[in-house]
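These notes concern the structure reproduced below.
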Amino acid sequence: MQRALSVTREAFPDWYQAVVREADLAEASPVRGCMVIKPWGYGVWERIQQVLDRRIKETGHENAYFPLFIPLSFFAKEAEHVAGFAKEMAVVTHHRLKMIDGKLQPDPEAKLEEPLIVRPTSETIIGDAFSRWVKSHRDLPVLINQWANIVRWEMRTRLFLRTAEFLWQEGHTAHATGEEAREETMKMLQVYREFSEGTLAMPVIAGEKSANERFPGAVATYSIEAMMQDGKALQAGTSHYLGQHFAEAQNIRFQNDAGELQFCHTTSWGVSTRLIGGVIMTHGDDDGLRLPPACAPQQIVIVPMLRDKPEDAALLEYCDVLAKALREKIAFGEPLRVLLDKKAQKSAEKRWNWVRRGAPLIVEVGGRDMAGGTVTYMRRDVLRDGDKVKSHNAPREQFAAEAAGLLVEIQNALFAEAKARLASNIRTDITSFDGLVEYFKGDEDGFKGWVKASWARPEGAELETIDEKLKGLKLTLRNAPLDQPAAHGPCIFTGRPGVEEILIARAY
RNA sequence: CGGGGCGUAGCGCAGUCUGGUAGCGCAUCUGCUUUGGGAGCAGAGGGUCGGAGGUUCGAAUCCUCUCGCCCCGACCA
């Protein structure tokens, strides 16, 4: 059978790369670990930005922008923070180039007095601003978000999933009380969960990270974890309660209503272009990408079957009427995004390109459709019936009337499919480390789901030891889901009474 | 940074062992035919074989160095 991709999901890493390339999402750049995000890929990011930005503002936050460069000394103020990021920072040391011996190089006489770090995250420089902005309890809370690029000099990179430079939003807030800051942390985690499930159709499990997986400098880190089609977990978003650590390091203080000086409690939270990798690995199939309509740059692509003949004009007019009618319809609270693909390419070629790119509805209109007043369309989520491509025929006006409903149906179907995969691949019957070994041993490449088990929440050296043992099975602790049962069995690692359930999985 | 694999046309690959002046499929361009579905035929364009140096009359091929990509490990919100 002829597929739109040359590889299948059996070779998952190869397949992933093929989708990124064939769906026109991104490509590698001349700079190691950095990517060029192409219009179709960036279009998905713009959808993420638009929908999430609205949610961030609805929850009371304002956007602002802080510098790309952070003075080196800012990082030295929070010990854990600097320790966590020191190994992956890009450093700017000069401000001028000079031709020396025929070679263009940094001018030794233009060395910066203090090196500048290209931000790997902005807690420190935003905290510095907060320390000036906050004087009184009347200034609180401060609720700020920034859309930005950041740089982390990663050892090993993968397009979208882990790149040296990536795009994200980072929320930073300061509060009078720990209770309020914790509420904020949880509120944004919920925003991420709803966004991931509602817009990306990517079901997630929200929970708290174990101590060893905490953000450097945080009191508590929460994440949403999604299950990819190879069974691996993808951390799709994080939210941190930073306590007073950063406030103390950067002197973010306020006078309370009794006139006493107190340190603020701060939070930070973010999602990144990694989400696009999550969408690919959640919904992609052997014909390429499948985009949930809510995050598709174009939801309906109309491909006229042009024949380079005079009657093409009438066909284009026929398609244009359809496009205009569709654009007046609403789905997910917005007008439908419709593209009439008039490019001078062979129609069949265009169709398969849109299949690979994952356009949710692909409409093909030919002369006979026009004569009969109909259109032919394909749903990308259920492209094939067996091996054959499944196309539908409907009167043009009927299709225009039903398209918005179809898009919602596709969105729901993709979510249901992913949700079923997540729900049926979390094992809860493994209660011992030997059981873990048994389940995860051998067949390195085969599908392995997640394990949810009780544990005693060990810390320190004991946790280190457990982490090492898990590493031997290529496993990591993902999070302790927020939804917990009333009672717990014995700890899967220590045998002591369990205090919560934790997810154990292979991860990206 | 350690182990393994790989860099040859936009994509997928052969050629490398055994040195002789670069090829296949798809894509692209032109023409004719075709026209309800990834069309057929004929022709064409496109590669300093990742880069640098070396050996040689001659290097995609052998040697040295180097850069990048992929997998595993280390590392990693």
Side-chain angles (χ1 to χ4, degrees), chain A residues 1-7 11-18 21-22 24 27-35 80-81 84-89 120-121 123 150 152-159 161-164 166 168 170 189 192 208-210 212-218 220-225 234-240 242 268-272 274 287 303-309 311-312 315 344-356 362 364-372 374-376 378 388-389 391 393 444-445 468 471-472 474 476 478-479 506-508:
Chain A
M1 168 192 25
Q2 200 169 15
R3 288 283 184 185
L5 288 187
S6 57
V7 291
F12 206 73
D14 291 344
W15 169 84
Y16 177 80
Q17 288 190 85
R21 186 181 57 240
E22 298 295 327
D24 268 333
E27 60 187 28
S29 77
V31 183
R32 185 186 172 280
C34 296
M35 62 179 167
E80 278 186 40
H81 192 60
F85 284 108
K87 278 177 282 185
E88 52 185 58
M89 294 206 209
T121 180
E123 274 75 7
I150 61 173
R152 295 177 186 178
W153 216 261
E154 300 285 354
M155 283 292 185
R156 191 169 150 194
T157 59
R158 269 190 266 225
L159 292 179
L161 297 175
R162 175 168 286 112
T163 46
F166 58 91
W168 78 346
E170 48 180 327
L189 187 71
Y192 287 157
E208 183 176 358
K209 285 287 192 185
S210 59
N212 57 330
E213 298 269 346
R214 244 175 237 150
F215 176 72
T221 286
Y222 300 84
S223 72
I224 51 171
E225 304 279 335
L234 181 77
Q235 181 172 301
T238 50
S239 186
H240 315 290
L242 303 173
S268 67
W269 27 273
V271 298
S272 71
R274 170 181 263 199
D287 287 303
V303 179
M305 310 302 289
L306 301 174
R307 305 199 320 191
D308 211 12
K309 297 240 168 109
E311 53 265 37
D312 284 358
L315 187 61
Q345 265 176 322
K346 278 190 282 187
S347 307
E349 196 59 41
K350 286 196 280 192
R351 180 231 281 211
W352 286 104
N353 284 339
W354 289 115
V355 166
R356 278 184 276 269
I362 300 166
E364 293 185 320
V365 185
R368 197 179 298 171
D369 286 311
M370 180 166 63
T374 66
V375 299
T376 301
M378 282 160 287
K388 287 190 64 178
V389 171
S391 58
N393 199 262
E444 299 290 321
D445 300 325
E468 279 302 314
K471 228 173 238 177
K474 297 199 268 187
T476 55
R478 300 321 301 165
N479 68 26
R506 290 184 176 152
Y508 278 96

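Keep in mind that this is a model prediction, so the values were computed, not measured. Below, read A as the first sequence line, B as the second, and so on, with proteins coming before strands; counting in each chain starts at 1.
Atom CD in Gln345(A) sits roughly 17 Å away from atom P in rG10(B) (whole-Å rounding). Rounded to whole Å, the distance from CZ on Arg351(A) to C1' on rU35(B) is 15 Å. In this structure, Leu5(A) atom CG and rA27(B) atom C1' are separated by 15 Å, rounded to whole Å. Following rounding to the nearest Å, Glu349(A) (CD) and rG37(B) (P) show an atom-to-atom distance of 17 Å. One can place CE of Met155(A) at 15 Å from C1' of rG3(B), the figure rounded to the nearest angstrom. Whole-Å rounding puts the Glu88(A) CD to rC1(B) P distance at 16 Å. With rounding to whole Å, Asp14(A) atom CG is found 15 Å from rC11(B) atom P. Nucleotide rG37(B) holds its C1' atom 5 Å from the CE atom of Met305(A), rounded to whole Å.
Pair check for rU55(B) finds none; no Watson-Crick or G-U wobble contact set falls under 3.5 Å. Using the Watson-Crick or G-U wobble rule with both distances under 3.5 Å, rU16(B) pairs with nothing in any strand shown. In this entry rG7(B) has rC67(B) as its Watson-Crick or G-U wobble partner, both defining distances falling under 3.5 Å. Applying the Watson-Crick and G-U wobble criteria (two distances, each under 3.5 Å), rG31(B) pairs with rC41(B). When both pairing distances are held under 3.5 Å, rG2(B) makes a Watson-Crick or G-U pair with rC72(B). In this structure, rG47(B) makes no Watson-Crick or G-U wobble pair, since no nucleotide meets both defining distances under 3.5 angstrom.
The separation of rG4(B) from rA44(B), taken at their C1' atoms, amounts to 42 Å, rounded to a whole angstrom. Distance check on atom P: rA9(B) versus rG23(B) gives 13 Å, rounded to whole Å. Only the C1' atoms considered, rG45(B) is 15 Å distant from rG31(B), to the nearest whole Å. Taking atom C1' in both rC17(B) and rA27(B), the straight-line distance is 32 Å, to the nearest Å. With both ends at atom C1', the span from rA14(B) to rU8(B) equals 10 Å, rounded to whole Å. Nucleotides rG51(B) and rA60(B), compared at atom C1', are 14 Å apart to the nearest Å. When the C1' atom is used for both rG7(B) and rG12(B), the distance is 14 Å, rounded to whole Å. Between the C1' atoms of rG19(B) and rC24(B), the separation comes to 22 Å (whole Å).
Between Arg156(A) and rC72(B) there is a side-chain N or O to OP1 or OP2 distance below 4.0 Å. Taking only side-chain nitrogens and oxygens, Lys471(A) comes nearer than 4.0 Å to OP1 or OP2 of rC75(B). Under 4.0 angstrom from either OP1 or OP2 of rG38(B) there lies no side-chain N or O belonging to Lys346(A). For the pair Lys474(A) and rG73(B), the criterion of a side-chain N or O lying under 4.0 Å from OP1 or OP2 is met. OP1 or OP2 of rU34(B) has not a single side-chain nitrogen or oxygen of Arg307(A) nearer than 4.0 Å.
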_side chain to side chain contact (heavy atoms under 4.5 Å, CB included) assessment of Arg307(A) paired with Asp312(A)_ = CA-CA 7 Å; Arg307(A) 305 199 320 191; Asp312(A) 284 358; 4.2 Å; yes
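Residues meeting the side-chain hydrogen bond (donor to acceptor under 3.5 Å, both in side chains) test with Tyr192(A), sequence neighbours left out: Gln169(A).
The side chain of Arg32(A) has rG68(B) as its nearest neighbour among rG68(B), rG37(B), rU35(B). The side chain of Arg21(A) approaches rG12(B) more closely than any other nucleotide in the set rC76(B), rG12(B), rG38(B).
Distance check, rounded to the nearest 0.5 Å: CZ of Phe166(A) to CZ of Arg152(A) gives 4.5 Å. Between the NZ atom of Lys350(A) and the CE atom of Met305(A) there is a distance of 9.0 Å, given to the nearest 0.5 Å.
Put simply, the side chain of Leu5(A) reaches to within 4.5 Å of the side chain of Arg356(A), judged on heavy atoms.
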